[in-house]
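Only one structure is covered here, and it is reproduced in the block below.
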Amino acid sequence: MGALPKRRISTGRKGRRRTAIRLRVPKLVACPNCGQLKKSHQVCPLCGYYKGKEVVKIKIKKGKKSTKGR
Ligand SMILES: [Zn+2]
């Protein structure tokens with residue numbers, strides 16, 4: 001015999017189950033180093049600092065020069 005559920009899951013119950021998934025909003029906190037908003041528990045994308053230490057080296061972007069040759 002096939003392993004089948006005895007009852008159909010009701011729309012309400014299905015909805016309640018589905019609320020558990022796809023409800024993740026990334027929490028943004030201000031970076032203690034540069035003040036930029038960043039995702040908590042993650043290295044700041046701007047300065048590369050995490051827990052008061054520089055973890056990732058961030059290359060400083062230089063001003064854009066129009067490199068389009070004419
Ligand atoms: Zn930062």
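As the structure is a prediction and not an experimental result, all values here were calculated from the model. What you see below is based on every heavy atom in this structure, not just the backbone, and it leaves out hydrogens, waters and symmetry mates. Order of appearance sets the numbers: ligands from 1, and atoms from 1 within every ligand.
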Any side-chain heavy atom of K38 within less than 4.5 Å of one from L28?
-> no

Under 3.5 Å, is there a donor-acceptor pair between the side chain of K14 and the main chain of R18?
-> no

The side-chain contact (heavy atoms from CB on, under 4.5 Å) partners of R7 (sequence neighbours excluded) come to none

Which N, O or S atoms belonging to the protein are less than 2.8 Å from the Zn ion (ligand 1)?
-> C31 SG, C34 SG, C44 SG, C47 SG

Could you tell me the separation between the SG atom of C47 and the CD atom of Q36, rounded to the nearest 0.5 Å?
-> 9.0 Å

Quick one: side-chain contact (heavy atoms from CB on, under 4.5 Å) partners of R16, sequence neighbours excluded?
-> none

Apply side-chain contact (heavy atoms from CB on, under 4.5 Å) to R8 and list each qualifying residue two or more places apart in sequence or on a separate chain.
-> none

